[in-house]
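Comments concern the structure below.
Quick note on labels: first sequence line is chain A, next is B, and so on, each numbered from 1. Keep in mind the model is a prediction, meaning the values are calculated, not measured.
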Number of protein chains: 2
Amino acid sequence: MAEADSPHSNECPVARTLEAIGDRWSLMIIRDAFDGIRRFSEFQKSLGVAKNILASRLKTLVEVGVFDIGPASDGSAYKEYVLTEKGREVFPIVVSMRQWGERYLFKPQETRSVLLDNARGQTLMPIAVFSSSGQPLGPADCHRVRISAQTS
Amino acid sequence: MAEADSPHSNECPVARTLEAIGDRWSLMIIRDAFDGIRRFSEFQKSLGVAKNILASRLKTLVEVGVFDIGPASDGSAYKEYVLTEKGREVFPIVVSMRQWGERYLFKPQETRSVLLDNARGQTLMPIAVFSSSGQPLGPADCHRVRISAQTS
DNA sequence: CCGTATCCATTCCGATACTG
DNA sequence: CAGTATCGGAATGGATACGG
């Protein structure tokens, strides 16, 4: 049954995001796409994942709207997977994951990959949460509320 | 070599983060912790997850250093799970996931839960990636490089 | 109340083989 | 090159029963 959604994904956007791209491979695939990877074989080589798994993930990511399938840019007969706007917008998610990992999961001298901005070759500003008025916010400074539809 | 890690967690911080907290429940547990949940039964009720699973996840999250176990604040005989600094710092990750989900995974009128800042009751500023000099950055404005240990 | 132990179903993954 | 088909094994999840 291609039924709606699973029990707990109903109204929490975090849960839905996890359900859409929160599996073990999807975010890695998207991360590679941020590095310019577009071809099946390149994903496969970069990730070392089995082809059937990769095919399956790519397929659902296209269904979800993270990737579009387009013609090869080099004129070859094959397809390319290119990020949609929706896909590009997961950038903050993977960058915040990257920064958290860098900070807490590596020993100081351990070899790692880092992200640099093209313009200056500098590391990025740490991602943080701000209020609409620009105040930095921690978990304790926020609360969740339920919004049922808007009548304006 | 000298790589004793699991295959894909090698040197990408994103991969390590995914391995540490990227499973189906951990981020939901942490999200609940941001809402002030600290007790086993509260997590269980909030998430609707089986007790053995919850116990298992909580255990690994403690091992990973996201939670500390402390005495109950109300003087009862039981433990509480309280976020460490490392745990609190996953806040940007779940907020960026939340915002992406809100934006792309909900129909406009669908009921959802949203995060508001306590001080003003406003929605948060969208999380974005900036260079160290304050320029907004997209995926195409960055590149990855490998850093092997020491320079200077 | 807070877990642990057990059992079972399901899903996920990887290797391999095969097709256009 | 870009997948699909199939299979076995591993990991994950859920329900329930039990113990501190």
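Between A/D68 and A/T84, the side chains place no donor N or O within less than 3.5 Å of an acceptor N or O (distance only, hydrogens not considered).
Using modelled atom types, no side-chain atom of A/E80 and backbone atom of A/I37 make a donor-acceptor pair closer than 3.5 Å.
Regarding A/R57, its CZ atom lies at a distance of 16 Å from the C1' atom of D/dG3, rounded to whole Å. Protein atom CG of B/L58 is 14 Å distant from nucleotide atom C1' of C/dT4, rounded to whole Å. Put simply, CG on B/L18 is 11 Å from P on C/dC13, counting in whole angstrom units. Distance B/D23 CG to C/dC12 P: 14 Å, rounded to the nearest Å. One can place CD1 of B/I37 at 15 Å from P of C/dC1, the figure rounded to the nearest angstrom. In this structure, A/L47 atom CG and C/dG14 atom C1' are separated by 14 Å, rounded to whole Å. Rounded to an integer number of Å, the gap from B/L54 CG to D/dA15 C1' is 15 Å. Summarising the geometry, the separation between CD1 on A/I53 and P on D/dG3 is reported as 15 Å, rounded to the nearest angstrom.
Ionic pairing of B/R112 and B/E102 is not present here: no N-O contact between side-chain nitrogen and carboxylate oxygen is shorter than 4.0 angstrom. A salt bridge links A/D32 with B/R144: at least one charged nitrogen is closer than 4.0 Å to a carboxylate oxygen. A salt bridge is defined here as a Lys NZ or Arg NE, NH1 or NH2 lying under 4.0 Å from an Asp or Glu carboxylate O, and A/E85 with B/R103 meets this definition.
The base of C/dG14 is paired with the side chain of A/N52 by a donor and an acceptor separated by under 3.5 Å.
Dashed line: the shortest gap from a side-chain N or O of A/R24 to OP1 or OP2 of D/dA11 is not under 4.0 Å. Distances shown here put a side-chain N or O of A/K79 below 4.0 Å from the OP1 or OP2 atom of D/dG3. In terms of phosphate contacts, A/R39 brings a side-chain nitrogen or oxygen within less than 4.0 Å of OP1 or OP2 of D/dA2. Between A/W25 and C/dG14 there is a side-chain N or O to OP1 or OP2 distance below 4.0 Å.
Here the side chain of B/K51 is nearest to one of D/dC1, C/dG3, C/dC18, namely C/dG3. Comparing C/dG14, D/dG3, D/dG14 by their closest approach to the side chain of A/F40 singles out D/dG3. Checking C/dA17, C/dT4, D/dG14 against the side-chain heavy atoms of B/A50 singles out D/dG14 as nearest.
Nucleic acid contact for B/Y81: sugar-phosphate only, since backbone atoms but no base atoms lie under 4.0 Å from a heavy atom of the residue.
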